[in-house]
Amino acid sequence: MSWIRRAFRKSQAEKALDKELQFHLDRQLADYVAAGMQPDEARHRARLEFGTLDTVKEEVRDTRWQTRLENVVRDFRYAARSLRKDRRFAIVAVFALALGIGASTVAFSAFYNLLFNGFAARDSNRLVVFSLQNAEAGESPELNLTPLGGSLSNLDAIRSQGQVFDGIVGYHRGITLLRDGNGIHQVYATGVTSNAFDFYGVPPLLGRRITPADGMAKSSPVFVMSYKTWKGEFHSDPAILGKSFLADDIPRTLVGIMPPRFQAYGALVQIWTPIIGSSDTGGVEPRCLSTR
Amino acid sequence: MVMAEPKTELLRGTLDMLILKVVALGPSHGYAIAQRLRQISKDFFQIHQGSLYPALHRLKDRGWLQAEWKESETGREAKFYSLTKKGRRQMDAEVAEWQRLRDAVALFLRAPGKEP
């Protein structure tokens with residue numbers, strides 16, 4: 001980049017050019033005077049012959065650019081020619097570059113995810129996922145592997161029975177049509193039990209998270225949006241906080257934006273909504289936090 | 001002002017060759033180069049500064065000339081151009097090329113035309 005800066009700055013070269021041209025002009029003048037011309041006339045004539053200094057300087061500058069451009073073009077031609085001449089070398093060079101770029105990309109993204117972008121949740125090393133299975137289908141082991149959808153009352157039952165888990169949350173996935181004054185967005189929506197955001201413990205980027213109060217039957221419907229959706233579809237507009245949307249024709253207020261790291265229930269999830277009520281909602285998959 | 005503005009590629013190349021030839025006589029500054037071009041060609045080539053200085057800088061950028069600030073004959077500092085090894089080779093090549101062209105053209109000019 002430094003050659004660009006050099007080209008725009010009034011550089012050493014530019015000053016030297018001034019000096020060089022001024023010398024020429026002065027010598028011309030001196031010669032005319034020596035030949036017997038009146039100083040005024042000599043100055044006039046020298047000026048006239050020289051043309052404007054700026055024009056000459058402009059033309060010199062142009063040649064500098066031209067030469068640079070010529071050099072670049074020549075270098076490219078030379079490179080292309082030698083690559084074409086030696087196919088084997090070309091293939092090896094391309095392969096080496098591809099390998100290097102690929103390896104550093106892989107290493108960088110692995111390290112980035114491991115060190116800086118780990119699973120964003122409090123006590124993530126204690127998170128467990130369990131699935132409910134039908135013990136009576138024991139005759140055919142394949143069936144046994146299919147997890148059953150739980151219901152919120154199942155979760156309540158597990159929660160009340162034991163000291164096995166510190167916390168337990170449930171969720172279900174779906175696709176929702178989100179409508180505002182400007183248009184319709186089809187989004188991946190995940191319904192979560194209202195304790196889910198406290199469970200993961202990740203602070204919101206803007207606004208607030210879903211709280212247990214949002215799970216009450218009488219509370220007004222709210223939702224929380226992912227960073228990617230906020231940035232991609234709403235141009236990171238902070239003014240949309242508190243705005244009301246129609247989500248599958250139910251008016252819902254946007255109360256918060258989660259940070260990019262927060263990807264509970266998958267990177268695709270675009271909005272989270274609280275599941276209303278404490279029991280008898282079918283098809284909920286559990287996530288649990290084991291006790292210490 | 002016979003050759004005020006070199007118009008074609010041929011003339012531009014020729015100007016380059018003439019400058020190299022003049023500088024080959026010894027290191028000189030722009031003004032002296034213009035003077036010598038005029039003197040040697042008996043006033044045929046009067047090079048405008050707008051052509052001379054771009055040409056000098058172009059030849060220097062190509063590595064055919066090198067420049068150095070030195071005290072001039074009047075005691076004032078001036079930029080002196082001198083020929084590099086690469087420049088000398090280039091000059092020889094251009095002179096040879098020009099002579100071949102001249103000889104070829106001369107063959108046509110010498111050919112007897114049909115009398116009207």
Side-chain angles (χ1 to χ4, degrees), chain A residues 3-4 6-7 10-37 39 42-78, chain B residues 1-7 9 12-13 15-16 19 22-23 27-39 43 45-82 86-87 90:
Chain A
W3 64 271
I4 293 180
R6 232 183 297 145
K10 168 137 181 155
S11 61
Q12 210 75 23
E14 201 66 18
K15 278 183 207 144
L17 179 61
D18 276 347
K19 200 172 156 192
E20 186 179 13
L21 295 180
Q22 192 61 49
F23 175 82
H24 186 111
L25 196 60
D26 293 347
R27 277 302 304 271
Q28 183 77 71
L29 192 70
D31 276 7
Y32 283 151
V33 172
M37 225 179 263
R43 191 167 300 120
H44 182 68
R45 179 143 171 220
R47 274 265 171 223
L48 210 67
E49 272 176 19
F50 202 92
T52 62
L53 232 96
D54 284 335
T55 318
V56 176
K57 280 197 272 187
E58 198 55 52
E59 279 174 58
V60 172
R61 264 181 236 128
D62 280 355
T63 58
R64 268 189 227 146
W65 281 104
Q66 276 166 22
T67 323
R68 255 179 223 147
L69 209 64
E70 275 167 24
N71 284 344
V72 170
V73 170
R74 201 174 329 117
D75 285 352
F76 267 106
R77 278 226 198 94
Y78 177 70
Chain B
M1 290 285 244
V2 180
M3 195 185 151
E5 294 296 325
K7 283 200 180 66
E9 204 56 35
R12 196 174 94 169
L15 174 61
D16 287 357
I19 290 174
V22 166
V23 172
S28 4
H29 48 73
Y31 183 72
I33 293 169
Q35 295 293 86
R36 290 222 184 100
L37 278 169
R38 227 180 62 198
Q39 287 162 5
D43 284 349
F45 291 121
Q46 297 184 19
I47 310 298
H48 188 259
Q49 288 72 28
S51 305
L52 174 67
Y53 285 95
L56 285 173
H57 282 250
R58 188 171 57 240
L59 296 176
K60 185 178 154 245
D61 286 344
R62 287 187 181 155
W64 297 341
L65 292 183
Q66 58 192 17
E68 192 187 0
W69 285 92
K70 273 195 307 202
E71 197 176 298
S72 73
E73 59 280 9
T74 58
R76 192 167 143 190
E77 244 203 346
K79 196 172 179 184
F80 279 77
Y81 292 91
S82 54
K86 208 172 147 192
Q90 179 66 23

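Worth knowing before you read on, the calculation uses all heavy atoms, side chains too, and leaves out hydrogens, waters and symmetry mates. To find a chain, count down the sequence lines: A is the first, B the second, and so on, and within it residues start at 1.
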Side chain, backbone, both or neither: which part of [X] has a non-hydrogen atom closer than 4.5 Å to chain B?
X       : value
A:Ala30 : neither
A:Gln22 : both
A:Leu25 : neither

When you look at A:Lys57 and B:Tyr53, which way does the side-chain contact (heavy atoms from CB on, under 4.5 Å) test go after all the steps?
-> CA-CA 8 Å; A:Lys57 280 197 272 187; B:Tyr53 285 95; over 6 Å; no
Output the distance between atom CD (B:Gln49) and atom OG1 (A:Thr55), rounded to the nearest 0.5 Å.
->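 Rounded to the nearest 0.5 Å, the CD-OG1 separation comes out at 11.5 Å.
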Which heavy atom of B:Pro54 sits nearest a heavy atom of A:Thr63, and at what distance?
->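 In this case the closest contact between B:Pro54 and A:Thr63 is CB-CG2, 3.4 Å.
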List the atom of B:Thr74, the atom of A:Arg27, and the distance in Å for their closest heavy-atom pair.
->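 Nearest pair, atom of B:Thr74 first, then A:Arg27: CG2-NH1, 4.0 Å.
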Among B:Glu77, B:Lys79, B:Arg76, find the one that has a side-chain contact (heavy atoms from CB on, under 4.5 Å) with A:Lys19.
->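 Only one option passes, and that is B:Glu77.
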Please report the C-alpha distance between A:Arg68 and B:Asp61 in whole Å, then the side-chain angles of each, then the deciding distance to 0.1 Å, and finally whether the salt bridge (charged side-chain N to carboxylate O under 4.0 Å, His left out) criterion is met.
-> CA-CA 8 Å; A:Arg68 255 179 223 147; B:Asp61 286 344; over 6 Å; no
Can we say A:Glu59 and B:Arg58 salt-bridge, meaning some charged N sits less than 4.0 Å from an Asp/Glu carboxylate O?
->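 Answer for the salt bridge query: no.
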Residue, of A:Asp62, A:Asp26, A:Leu17, A:Asn71, that accumulates the most heavy atom pairs under 4.5 Å with chain B |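 The answer is A:Asp26.
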B:Tyr31-A:Asp31 side chain donor-acceptor pair, cut-off 3.5 Å |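 Indeed, the side chains of B:Tyr31 and A:Asp31 share at least one donor-acceptor pair under 3.5 Å.
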Check whether B:Ala34 gets within reach of chain A through its side chain, its backbone, both or neither, counting any heavy atom under 4.5 Å.
->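 Just its side chain gets close to chain A.
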